[in-house]
2 protein chains.
Amino acid sequence: MEHEKRVPINNSLIAALPQKDRRHFLAGCEKVKLVLSEVIGEPGEALRHIYFPTDSFISLVRPIQGHTGLEVALVGNEGMHGISVVLGIDSSYSHVLVQGEGLAMRMDVASFRRELRLSQALQQLLNRYIYVRLCQLEQTAACTRFHVVEERLARWLLMTHDRAFSDELHITHEFLAFILGVRRVGITRAAGSLQKRNLISYRRGIITVLDRRGLEAASCNCYRADRTTYDDILGEKLQNMTICEDDMHTTSNQDIFKPRSSGPERAH
Amino acid sequence: MEHEKRVPINNSLIAALPQKDRRHFLAGCEKVKLVLSEVIGEPGEALRHIYFPTDSFISLVRPIQGHTGLEVALVGNEGMHGISVVLGIDSSYSHVLVQGEGLAMRMDVASFRRELRLSQALQQLLNRYIYVRLCQLEQTAACTRFHVVEERLARWLLMTHDRAFSDELHITHEFLAFILGVRRVGITRAAGSLQKRNLISYRRGIITVLDRRGLEAASCNCYRADRTTYDDILGEKLQNMTICEDDMHTTSNQDIFKPRSSGPERAH
DNA sequence: AAACTGATGTACGTTAACGAACATAGAGCA
DNA sequence: TGCTCTATGTTCGTTAACGTACATCAGTTT
């Protein structure tokens, strides 16, 4: 049940803050463990906390009348949950589900609002992150319209692999179907095809990434597009980032999510 | 070729500013005429102006590798084009096309940035608008995945009707296919069906809305959802809005786009 | 009036999904 | 060990799209 984590890690957004702002910010955070399949938000509910995953990750699933729903964002250590608060609203229209068990920093909404007022750097950084999310959402909308299930599945596995720091992803076909807005049978077929091509292997509730490069080839280029977007918009900000020396796991700069880096592959 | 406009109108966002801020803001704007099918932005280009349509409207179409593209936003007098600048970025990933001929207020990017710094009210208002766009984009993503062409077409016609202030919409099947990301034939069939049901009528390049209520019934509820979102997020802000007494067309409060208002239907 | 251009109509076979139902098989529990 | 969930595998016919091709028709131009 326990993942074997490859790299303990910090949250990239927090890490990108100037040291002084970050110290202050972290002082207002608490570290929480997110449990697999935990629900930390429902449509209509007001947000109570802002989450900055470190080695956990969560997905936002938009419900839609008479259908299963569709994932509209996947948030790991490269991002945050609660962008609406940055924009002055604390409502949510989505289910918020823990996809990957692990730790996150979180802050209650009121404190977060205060931090935002205090730190221009935080404001600017999160504004950019919001723009990234907007672009990625546009990408997802188009992707969902045009690309076949197998490509979309490959894309999702890659995105998740980036955030999981493990080759083993804990998820069932049933749930993947929910996320991608297709039938379970559709996932079984697509996953079977990817397995036959030796890109992944799976057994009851666990999918193992075997060949990252192969998966990239099998996915639509929306995966690449998303990373490029992230890098284009947040790249320069993340350049300046420093290492958090708080009480969290220590980590080196390389470990932090850096899109389009030509760094070492995580698979194998 | 000329639309017969029903109501001259102001932009709701600008109208919602406190009088003082609005005066200052309008002083930095220029009024421009947007011509049908004009392209005012391309993917990769930096934005040069922010647009606040009054009786014009524009659509943002996201290109996607190997496919025709997909509309990711429709902006009329209820909104603005250039939200990325509010978030600190002036790039664009979409085609920006004039769908409805008419006037818009616009401001160059540098001035706009200055105004943003000066007016807290402007900032807050536009942040909320950005959140609306985000929610509507989520809606569109899910809608595009699950709903059939005929429902999606009906939805689009309603959205456009709201922004056009005319029952005659100038658009071809070919172009609608581009917007909705389907084949032209698919539009011809769907439009034919709506026409047979006496909800619309059309001839070469012009679609006439005959029965708004009927169209609402024929569309997916995404149309309603979008309006509800707009109202929930921006409603209270728009309550305070006052009439612009600048050199634009004069207008009454009722004429301004107010989602979920139980006001008079525009059709007939 | 004739010719031309672009918009719309219709028809073909093809495909990637769909919904539903049932079969098999792992994992944990009694 | 066997029982019971739950996850995965497979099959059925159905459907809403798809790509392509060609026919018709309405404005506009010559």
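In what follows, chains are A, B, ... by sequence order, proteins preceding strands, each numbered from 1.
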Considering only side-chain heavy atoms of B:V148, which listed nucleotide, D:dA16, C:dT10, C:dA17, is closest?
D:dA16
Comparing A:V185 and A:E150 on DNA chain C - which has the more 5′ nearest nucleotide:
A:E150
When rounded to whole Å, the CG to C1' distance for the pair A:L153 and C:dA16 reads 15 Å
Interatomic distance, A:Y202 atom OH to A:H173 atom NE2 [nearest 0.5 angstrom]
4.5 Å
Does B:E174 or B:R183 map to a spot on DNA chain C nearer the 5' end, using the closest nucleotide for each?
B:E174
Specify the residues of residues 189-206 of chain B, ordered by number, for which at least one heavy atom lies under 4.0 angstrom from an atom of DNA chain D.
B:R204
To the nearest 0.5 Å, how far apart are CG in A:L194 and CG in A:L153?
5.5 Å
Tell me: CG of B:L180 to C1' of D:dC18, nearest whole Å?
16 Å
If you count the non-hydrogen atoms of other residues, nucleotides and ligands that lie under 6.0 Å from CZ in A:R189, is the total more than 12?
no
Should B:D231 and B:R224 be marked as a salt bridge (charged side-chain N to carboxylate O under 4.0 Å, His left out) after you check the CA-CA gap, both sets of side-chain angles, and the distance that decides it?
CA-CA 11 Å; B:D231 196 35; B:R224 264 296 130 204; over 6 Å; no
Rounded to whole Å, the NE2-P distance (A:H147 to D:dC18) equals 14 Å
Aromatic plane relationship, A:Y131 with B:Y93 - under 30° parallel, 30 to 60° tilted, over 60° perpendicular:
tilted
Listed nucleotide nearest any side-chain atom of B:R184, set D:dA17, C:dG9, C:dC18
C:dG9
In whole Å, I'd like the distance from the CZ atom of A:F146 to the P atom of D:dA17.
13 Å
Counterpart residues, ring-ring contact (aromatic ring centres under 6.0 Å, His included), relative to A:Y223 (two or more places apart)
none
In whole angstroms, the gap separating P of C:dA7 from CZ of B:F178 amounts to 15 Å
Whole angstrom is fine here: how far is it from CZ in A:F175 over to P in D:dT8?
13 Å
Euclidean distance, atom CZ of residue B:R145 to atom P of C:dA16 [Å, nearest integer]
14 Å
B:L176 CG to C:dG9 P, straight-line distance once rounded to whole Å
13 Å
Could you walk me through whether A:E151 and A:R155 pass the salt bridge (charged side-chain N to carboxylate O under 4.0 Å, His left out) test, one step at a time?
CA-CA 6 Å; A:E151 293 172 315; A:R155 177 190 175 202; over 6 Å; no
